[in-house]
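Every chain is numbered from 1 and lettered A, B, ... according to where its sequence line falls, protein lines coming before strand lines.
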Amino acid sequence: MALNYSEKVMDHFLHPRNIGKMEKYDGFAEVGNPVCGDQLSFYIKVKGDKIEDVRFLSFGCASNIATASIMTEKVKGMSIEDAKKFDWNKIVEDLGGLPTQKVHCSILAVDGLKKAIEDYESRG
Amino acid sequence: MDVYLDNAATTKLDERVLEKMKPYFTEKYGNASSIHHMGQESSVLLTKCKEEIAKRINGDPDNIIFTAGGTESNNMILKGVARANQGKGKHILVSSIEHASVLKPAEQLKKEGFDVELIPVNSGGFVELDQIKKMIRPETILISVMTVNNEIGTIQPVEQIARFARKNGIYFHTDAVQAIPYKDIDIKDWNVDFLSLSAHKFYGPKGVGLAYIDRKINIEPQVIGGGQEYGLRGGTYNLPSIVGMTEALKLIYQEKDEYINRVFELSQYLWKRIKEEIDEVAINGDPGNRTPNNLNVMFRRIEGEAILMDLSTKGICVSTGSACSAINLKASGVLQAIGLEDYHLNSNIRFSLGKFTTKEEIDYTVSCLVDTVKRLRSFTPIK
């Protein structure tokens, strides 16, 4: 199967931003895609009403890694309220498009972020 | 450095084959169905090609039907034999590790009302005759088991199964696309009724293959037209490619011993170095009874498509059975059939070596792999 990833996808795949474990965090979530088996973990650190820091781990394809990476860039410094409304279409646009069968990767990334925020909020 | 380790997908055309093919594009281009001298020259050559191939596979030249490749041959045989013989029964057995070009036609036959069952395989990746013995019925008309599996390289006991099928009056087909030159195909000794081959898997041109069809058995043609191939497959004879396939088959068998030794040594060396330098790896499929060009390796806790893409940026071409690499997002059916756990299904890479593979390329591949695996494991959430 041909996979024509954009240069930006490849850049984020080869040099993912905000990757790695966070030792002290305020919210955490692990999400998996039951269809393809990919997994993502997100850690967030919150200061005031803003996401001060975000990190992620990935078991997934190039697109899984790249979509999570670019999303962390976007939401770092964003208010919790805005982050909750974050639209996965923005990721696809920003990456210069994704192969059709890879669009679900961006949905998984956003899902993971929202679950990490839920976790933060549930901790009060 | 560019390294091609995807020879089970396709191979580079042998230059000597290309030279043989050339005159049939621009000089000797007559249609083998024409009765003028140019056509007749082509027709004579066509017969010669069939004779030469028949000698190599110990079959009858009149049973060789040239096609556009393995997929067409498999479609032709599965559907053609089933539809023409449904008066005898509608039960068909197909191994669970067949290529999609057998599995999809089998699914289509199921929709048409045939009773199609998949033969399970053991954890080594082999179909067992005892299993088939349990599954056959009086109305079984056809069994299809590949000679060599394309993903894990396991060599199936087709001689045994074919003999058993013949004894029980069941037709037997084998997709032998991955078998050359690792097995000496012997139609008569094996008791095979139908067999499929594809030239580009053994350094021949793409777009040409053959269906070996025992013409005493009824078969419904799938592509009809000008009556070529005894009316079994219409379409102008693709002579340059047929000449190329014949030459490629001749060369690969002539150079077989040296070739097999080479890929065996190199794949052993590749596995030895991977094991030495990378933790948490395992071979998928039986490590012994497989073609020496194939090495299918599990790299635990990281995803196959990511490994493939990372290697690809370093110039290395491999393949993966991971769900992420498939259009339908389904993980390899072969790896499922041999019983891999769900969480291991997407962590596999197939290295398939070929006659142009060098030791330097293997060394380069291992050094890249070490970095790739280290990088991807540095951020996997899986413990």
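- Contacts between residues 43-68 of chain A and chain B, defined by a heavy-atom separation under 4.5 Å, are made by A:Leu57, A:Ser58, A:Phe59, A:Gly60, A:Cys61, A:Ala62, A:Ile65.
- Using non-hydrogen atoms only and a strict 4.5 Å limit, no part of residues 361-371 of chain B faces chain A.
- At a heavy-atom separation below 4.5 angstrom, chain A is approached by B:Asn346, B:Ser347 within residues 335-350 of chain B.
- Stacking of A:Arg17 on the aromatic ring of B:Phe379 is not recorded, the 6.0 Å distance cut-off and the 45° axial limit not both being met.
- Within 6.0 Å of the CD atom in A:Glu7, the count of heavy atoms belonging to other residues, nucleotides or ligands does not exceed 12.
- Contacts between B:Ile382 and chain A at a heavy-atom distance below 4.5 Å involve the side chain alone, from C-beta outward.
- Only the backbone of B:Arg301 comes within contact range of chain A, with heavy atoms under 4.5 Å apart.
- Between chain A and the residues B:Ala306, B:Ser378, B:Ser322, the largest count of heavy-atom pairs under 4.5 Å involves B:Ala306.
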Quiz item: So A:Met10 and B:Met309, side-chain contact (heavy atoms from CB on, under 4.5 Å) or not? Walk me through it.
Solution: CA-CA 9 Å; A:Met10 289 309 286; B:Met309 293 305 295; 4.0 Å; yes

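- Of all residues spanning residues 6-14 of chain B, none has a heavy atom less than 4.5 Å away from chain A's heavy atoms.
- For A:Asp38, the part lying under 4.5 angstrom from a heavy atom of chain B is the side chain only.
- Using a 4.5 Å cut-off between heavy atoms, B:Thr320 does not touch chain A at all.
- In A:Lys114, the NZ atom is crowded: over 12 heavy atoms of neighbouring residues, nucleotides or ligands sit closer than 6.0 Å.
- A 4.5 Å side-chain heavy-atom check between B:Thr380 and A:Gln39 finds every atom pair outside the cut-off.
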